[in-house]
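Residue numbers begin at 1 in each chain, while the letters A, B, ... track the order of the sequences. These numbers were taken from a predicted model, which means no experiment stands behind them.
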Amino acid sequence: MADRRPDATQDDSRAKRQKTGALTEMDPKDNPYLAHMYDGSTNGDYANGSSSKPRVNGFWKDTTLAKFPRHGSTAAMAKKAEDGPSNPFNGQQLSERYFSILKGRRDLPVHAQRDEFLEYYQKSQILVFVGETGSGKTTQIPQFVLFDDLPHLQGKQVACTQPRRVAAMSVAQRVAQEMDVTLGEEVGYSIRFEDNTGPKTILKYMTDGMLLREAMNDHNLSRYSTIMLDEAHERTLATDILMGLLKEVSLRRPDLKIIIMSATLDAQKFQRYFNDAPLLAVPGRTHPVEIFYTPEPERDYVEAALRTVLQIHASEPEGDILLFLTGEEEIEDAVRKISLEAEEMIREADSGPLKVYPLYGTLPPAMQQRIFEPAPPARKPGGRAGRKCIVSTNIAETSLTIDGIVYVVDPGFSKQKVYNPRIRVESLLVSPISKASAQQRAGRAGRTRPGKCFRLYTEGAFKKELIEQTHPEVLRSNLASTVLELKKLGIDDLVHFDLMDPPAPETLMRALEELNYLACLDDDGNLTTLGRLASEFPLDPALAVMLISSPEFYCSNEILSLTALLSVPQIFVRPANNRKRADEMKALFAHPDGDQLTLLNAYHAFKSPQAQENPKQWCHDHFLSLRALQSADNVRMQLRRIMEREELELISTPFEDKKYYENIRRALCAGFFMQAAKKEGTGKTYMTIKDDQSVLLHPSTVLGQDSEWVLYNEFVLTTKNYIRTVTSVKAEWLLDIAPAYYDIGAFKKGEIKTSLMRAAERLKRKEAMKSSRR
Amino acid sequence: MNEDEEYFVPLQDQRYFGAGIKRQRVQFVRANSAEATVQPPRQNAPSSSVGDRYLSIVLPKSAPVTPPNGGTEREELEPANDQEEIPKTCEICHLPLNPESSAESHNTPHETSIAHQVCLEHSHPPSHLDRGRLGLKYLSSYGWDPDSRQGLGSKGEGILNPLKGKVKNDTVGLGVKFSKDPKVNAAQKKPAAKLNAKQVRQQEEEGKKRRARLQEMFYRNEDLEKYLGPAA
């Protein structure tokens, strides 16, 4: 069974690639003028090897570009090269679609400043570039760079990082179209668990995390001639670390050009950080937005938001509405309520139709696409125009651009991650947004024409209660994997590492201690062999350690599947209108010893031939998410490759063996021993080990209440503290597998210590019996 | 500064055994009989000199303005003008020093005044971090001092304490302040629950347990336990 999996997925990915290939060829099919392109694209690889074409290391060596002075070209020269007739990067005829896109590209705001950009780019090593959303910076600047940096003639690449996987993929696809090349050849992308680049790739869009991973094995990032960090204002963990790193690399590599791209005007902070690097700003295409506040604070922001949306629909002229709420549940609820009210408004007040769409990260892509549908037309000719309303989390704040939005409703909250190193809990909490965030939200209303932003708080609250800037992720995260990455990058002096916002010392101390318990760092803080190996996996260190030690427990195949399942979104679907049925279906896979084993059962059932006959139907029937399972499959394949590369054995305990599940539970202990809890007395509450937090099992668990010791995957912080995805274990295993952490002497007196002492006693007796038998 | 003020008792107010504060008072009363109008302001040297300084700035030197209250206040002004002619200020608190008045007016030297003490440099209490932690050892080895009140980063500019999150489980809008009016709060409070005998007994038991735990937390002795077992 295990053998079939990768084959199936490989076929999938091959099919996908063919599909994208077909997409780019769609146009030329109706265009006899370009018929030869078929030969070109099918012989692409062949041509690569033949000497008849002027290629250097697989790169096309065009005569036009070869004449360009590197770092001395002008916009006019580039314009001429862009005008064709042949593609300067692969020598093929340019398609009609290329020219039609080119016309649109030249209308983008950044294009007007191409010469200015080139001047700045040529004269300095680090450049801060500010362009508001809609200026075209993400798609155009990298192409401007290609024409001046000429990476293909140097045997180098140009990288452009994105904070989100989806952005990296879709932007790469768009730019491949704009440059009239096949995605994955001259232009490619690289994201966690998926690399779509080739030997010819000169422009690579990638997630910031991927560039950081590359830096781990190539400290100088020597394969790149220019690196662009896009959306730097979002201050993701990886972007922050990369900035610190690039600041150091720039000294070692004077030939490396760095561009920091930001969408907000606090770019001066970047400028200062990079020793007063020059700053170039390009105006976006924005219209004025009128801002309204409430005169009094709102008692209930959700209700106020709904009323505001309906009010806009009733009394404001045409234009779509964007409402920001905090989470999936709140959004779905709001969507339902607004739709119901809007129908009533049609009946009673003859208002126009109102289409309401939810938007949040875990929504399937097809559903996400629906937000781009045009607003509904008037119900009868001459009637009131329809409009659409999008209810979104803060992903619509920066990452997604929706045209047609004229009204923004901002209650002033979003879900934000925060990490408490004292109890080692990372949680998502509903918190007030920052002033910068509020401005960004308001700006969304001015994309197509002058708009309005309705803030559901007072102007006084805006001034007094909101912080200036959202705290960067580095201050709000568990830094265990970051510290591991930094150690692998050869950065030992974590105290003086020049981050834009250095984290709190306690957070860093926790990370170091966690890595020490996981045996990734030794007692002096040096990277161990295990640590080096763990850093090869794009996983949380605890998961990586679990995976690496799984062969010792004869269940690496299963732990590999489980790791993949824990790295993707929830596979169990529980629709609001069919909860009971969904729970019944989940019970089919339930294993009394825990949720992790239940996940595994569901996955194995999904891989059965019976389910694979029609996976879509099967998943639908069993209330499982096909998308999550497929991505788990993909992740599994990628992790499997790394395991094979690192020569980690892939083995299983025979299913018939009574230790099959026990081995898996033991292997879990190897990674999750720091996320353990013990039942308190006879009650329902558990107490987390060492952090002494009183917690309850999450209602979604399949575990019975009778397990004394459990491991958990996630700590959910609400009014009640829950632990989610739990598996029952034995204290003996913990003592045996993580003796350094479960050092009984270090525990303070109490139930936990007594229980551990009893377990140690049992272990001792067992050993004694074993040795006496011998 | 705020937290310092909580436990800081100015030297002049610290009463220690045998300081003879009472006797000083008696002396003061005796002197008072001769120069009734001058002594009261000098009794509290720093505050009077702040006032003097203020007045010297506000009032033109040549034309002393009569305050509307007249009488006693005007008499107060005269020594203020006198003091101004000897412009000696303390280097630490930048307040004017008045050697003759402090020598004259009992035993409070300028150094013991509140204003002076507040301006002195204080040492901070040490950081709460457990010195045995491995993480601390690592950071210290790269030159970070937990007691320095400095963060990480190339210039020590990082934050000192981790950010705190606040759990929000309601949909109360931004900027809503809960009323401090007891009536409103009383309405929200649950009425006192009636307990039966069993529940009262249970509560008592729990209270006992809690007390025992506290007792143990404060008075347990690790060394004793080693020899006599955990029950000791």
Participant: So Leu521(A) and Tyr138(B), do their side chains get closer than 4.5 Å, heavy atoms only?
Facilitator: no
Participant: Report which part of Phe413(A) has an atom under 4.5 Å of a heavy atom belonging to chain B: side chain, backbone, both, or neither.
Facilitator: side chain
Participant: How about Leu174(B) and Leu456(A): do any of their side-chain heavy atoms sit closer than 4.5 Å?
Facilitator: no
Participant: Against chain B, work out which of Asn420(A), Leu515(A), Asn516(A), Thr458(A) has the most heavy-atom pairs shorter than 4.5 Å and name it.
Facilitator: Asn516(A)
Participant: At their closest point, which heavy atom of Val495(A) faces which heavy atom of Tyr142(B), and how far apart are they?
Facilitator: CG2-CB, 3.7 Å
Participant: Just wondering, do Leu163(B) and Arg476(A) contact through their side chains at under 4.5 Å, heavy atoms?
Facilitator: yes
Participant: Under 4.5 Å heavy-atom distance to chain A, tell me which part of Asn169(B) shows up: side chain, backbone, both or neither.
Facilitator: side chain
Participant: Using non-hydrogen atoms only, which part of Leu139(B) is less than 4.5 Å away from chain A: side chain, backbone, both, or neither?
Facilitator: both
Participant: Using a 4.5 angstrom heavy-atom cutoff, name the option from Leu475(A), Val302(A), Leu466(A), Leu499(A) with the most pairs to chain B.
Facilitator: Leu475(A)
Participant: Glu330(A), Arg422(A), Met500(A), Glu296(A): which one forms the most heavy-atom pairs within less than 4.5 Å of chain B?
Facilitator: Arg422(A)
Participant: Kindly give the heavy-atom pair with the smallest separation between Asn161(B) and Ala504(A), and that separation in Å.
Facilitator: C-CB, 3.6 Å
Participant: Sort by residue number and list every residue of residues 151-158 of chain B having at least one heavy atom under 4.5 Å from chain A.
Facilitator: Leu152(B), Gly153(B), Ser154(B), Glu157(B), Gly158(B)
Participant: What's the separation between atom CE in Met509(A) and atom CG in Leu129(B), rounded to the nearest 0.5 Å?
Facilitator: 4.5 Å
Participant: What are the two closest non-hydrogen atoms of Trp144(B) and Pro505(A), and how far apart are they?
Facilitator: CZ2-CG, 3.2 Å
Participant: Pick whichever of Gln416(A), Glu303(A), Lys417(A), His496(A) has the most heavy-atom pairs under 4.5 Å with chain B.
Facilitator: His496(A)
Participant: Does any backbone or side-chain atom of Asp493(A) lie under 4.5 Å from a heavy atom of chain B? Answer side chain, backbone, both or neither.
Facilitator: both
Participant: Which pairs with one or both residues in residues 133-144 of chain B pass salt bridge (charged side-chain N to carboxylate O under 4.0 Å, His left out), sequence neighbours excluded?
Facilitator: Glu513(A)-Arg133(B)
Participant: With rounding to the nearest 0.5 angstrom, report the OG1 to CD1 distance, Thr507(A) to Ile159(B).
Facilitator: 6.5 Å
Participant: Can you find a heavy atom in the side chain of Lys168(B) that is under 4.5 Å from one in the side chain of Leu429(A)?
Facilitator: no
Participant: In terms of heavy-atom proximity below 4.5 Å to chain B, should Arg455(A) be classed as side chain, backbone, both, or neither?
Facilitator: neither
Participant: Glu506(A) and Pro162(B): which non-hydrogen atoms are nearest, and at how many Å?
Facilitator: OE1-CD, 3.8 Å
Participant: Does a sphere of radius 6.0 Å around CD in Glu329(A) hold more than 12 heavy atoms from other residues, nucleotides or ligands, not counting ones at 6.0 Å or beyond?
Facilitator: no
Participant: May I ask you to check whether over 12 heavy atoms, not counting those of Lys753(A), lie within 6.0 Å of atom NZ?
Facilitator: yes
Participant: Quick check for you: to the nearest 0.5 Å, what is the distance between Leu508(A) atom CG and Leu136(B) atom CG?
Facilitator: 11.5 Å
